[in-house]
Amino acid sequence: MPRYSALALLRARFQGARYWKPLWTGRTLKAAYDVVVVGAGGHGLATAFHLARDHGLKVAVLERRLVGYGNVGRNTTILRSNYLLPENHYFYEDSLRRWETLSRDLNYNVMYSPRGVVDLCLSDGDMITASRRGNAMRLAGIDSELMELDALERFAPELAPRRSRRFPIVGALVQRRGGTARHDAVAWGYARGATALGVDIIEDCEVQGLCTEAGVATGVETSKGLVRANRVVFATAGHTGMVGAMLGVPLPIETHLLQAMVTEPIKPLINSVLIYVHPGHGETYVLQSDRGGVVMGGYLDGFPSYTREGQWHRLEEVVQGAADLLPEIGGLRILRQWAGTNDMTMDGSPIMDRVKYDNVFLNAGWCYGGFKTIPASGAACATLVATGLAPDIARGFRLSRFATGHLLDERGGGPFPVRL
Ligand SMILES: Cc1cc2nc3c(=O)[nH]c(=O)nc-3n(C[C@H](O)[C@H](O)[C@H](O)COP(=O)(O)OP(=O)(O)OC[C@H]3O[C@@H](n4cnc5c(N)ncnc54)[C@H](O)[C@@H]3O)c2cc1C
């Protein structure tokens, strides 16, 4: 291994600083745009990227804090398209296909890792539910495999499923193309790509109100002054209820906490993403990060909150569930725990539609599954905003479904038994 003197390292540090180019800062807010996108999370940035690239529009992204400060940088990065309802599984599959080429499209490595997503079954009843979801996916041309023990043991040897444990594993629904990507890289990649296309990304710029004239939105009031816009898109996951209050429209969304945690790094142990419902502790998922840490998560904390801290009892349940599944990790130390604010809709499916005004749009309600949809959501929302018509795969995400009762009560959103 080459050795460097302290002086050489110091010199390299300062030379690096001189040549390092910021990816998206340095833009000033202009007086007017074709479209203002509120929120520089994954959905806002991807929408802006596609508005500029596919529709040639002049766009600003206004972010009250920093690029990637929200849930796009706080999730556990799981990608999959194993949803049950047609309104969802075609959309999530479109997204998964886009993940496969995203690094090339953005010319930025988002570290897509198709390591497989394994929904474990603990009973024959789970297997029946799994086969229903798997068959629905296959009918739509989406890969899924129902594996019994032998096949599962070959696919995920870390489970050694025949080993005696506190509960039996009888099989799994596996999606091999599912996996993970690096979350910050996704925000950075879209921010860089959008900037290169002329999008102004303005940080530290909170949108505080909507300007309207004769029933049409004309712009937004921000902490940096008024900005005129022909169209406004709200992509403010975790804060959509506040947007509803700002617009004077009650939205069928609550903000709930979801937490996750990561252990000290260990050698590679877990090859895929393992998801299951522990009979005593509830939903648990486990994966290993590229740095070796074991990442764990579970269900929501159970009551609305904006604190981003998470309750101790949920952490305990998740860790117990994970250690029962993989006893080898029981002695590891947890290095970090964190939580994010999730936009929970009442049917578990998102909203991509106009809200209150013809030229104001909502890209929201992604619940705890919105990281995986960023590529499809950006493209679809840009089409809706630019042309006025949502593409077929996003037509089901209308806000009016909550008034008419045509809910997309997604039963494929989690492991078995399915919860929302
Ligand atoms: C612990 C955890 C684990 C998760 N795991 C997964 C997973 O494995 N797979 C998956 O698919 N999904 C997962 N999710 C869900 C996923 O992270 C979210 O659904 C998704 O990131 C939300 O969209 P976003 O990236 O646009 O949101 P955000 O990154 O939250 O972007 C919204 C932005 O809007 C800004 N904003 C809000 N109000 C204003 C305003 N008034 N003015 C200006 N800016 C504003 C916020 O500061 C924020 O930056 C997880 C979430 C959490 C918390």
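Computed over heavy atoms, backbone and side chain alike; hydrogens, waters and symmetry mates excluded. Keep in mind the model is a prediction, meaning the values are calculated, not measured. Both counts, for ligands and for their atoms, begin at 1 and track the order of listing.
- At a 4.0 Å heavy-atom cut-off, ligand 1 touches Leu62 through the backbone alone.
- Of the protein's non-hydrogen atoms, Val72 N, 2.8 Å is the one closest to atom 29 (O) of ligand 1.
- Under 4.0 Å from ligand 1, the heavy atoms of Ala235 that appear belong solely to its backbone.
- Close approach of ligand 1 to Asn71 is summarised as follows: ligand atoms under 4.0 Å from at least one heavy atom of the residue are 17 (O), 21 (O), 28 (P), 29 (O), 30 (O), 53 (C).
- Taking the six-membered ring wherever Trp is involved, the centroid distance between the rings of Phe371 and Trp99 falls below 6.0 Å.
- At least one donor-acceptor pair under 3.5 Å links the side chain of Glu63 to the backbone N or O of Ala40.
- Judged by the shortest distance from any of its heavy atoms, Gly68 lies outside the 4.0 Å radius around the atoms of ligand 1.
- Counting heavy atoms under 4.0 Å from ligand 1, residue Asn342 touches it through the side chain alone.
- Residue Gly297 places no heavy atom under 4.0 Å from ligand 1.
- Only the side chain of Val38 comes within 4.0 Å of ligand 1, judged by heavy-atom distances.
- Nearest protein heavy-atom contact of atom 41 (N) of ligand 1 is Val207 O, 3.1 Å.
- Distance from atom 44 (N) of ligand 1 to its nearest protein heavy atom, with residue and atom name: Arg64 N, 3.1 Å.
- Atom 31 (O) of ligand 1 has its closest protein heavy atom at Gly41 CA, 3.2 Å.
- Distances from atom 52 (C) of ligand 1 to the heavy atoms of Val61, Asp343, Leu258 put Leu258 nearest.
- For atom 50 (C) of ligand 1, the closest non-hydrogen atom of the protein is Asn75 CB, 3.2 Å.
- Of the possible donor and acceptor atoms, one in the side chain of Asp347 sits under 3.5 Å from a partner among the backbone N and O of Leu408.
- For Phe91 and Tyr83, the distance between ring centers is not under 6.0 angstrom.
- Checking Leu326, Leu325, Leu332 one by one against Glu328, the side chain to side chain contact (heavy atoms under 4.5 Å, CB included) holds for a single residue, Leu326.
- Relative orientation of the Tyr92 and Trp366 rings is perpendicular, given thresholds of 30° and 60° on the angle between their planes.
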Can you list the steps and then say if Asn88 with Ser349 is a side-chain hydrogen bond (donor to acceptor under 3.5 Å, both in side chains)? CA-CA 8 Å; Asn88 281 329; Ser349 297; 3.0 Å; yes
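- The shortest contact between atom 22 (C) of ligand 1 and any protein heavy atom is with Ala237 CB, 3.5 Å.
- The protein heavy-atom contact nearest to atom 7 (C) of ligand 1 is Ile78 N, 3.5 Å.
- At a 4.0 Å cut-off, not a single heavy atom of Ala187 sits close enough to ligand 1 to count as contact.
- For atom 47 (O) of ligand 1, the closest non-hydrogen atom on the protein side is Glu63 OE2, 2.6 Å.
- Counting heavy atoms closer than 4.0 Å to ligand 1, residue Phe371 contributes atoms from both its backbone and its side chain.
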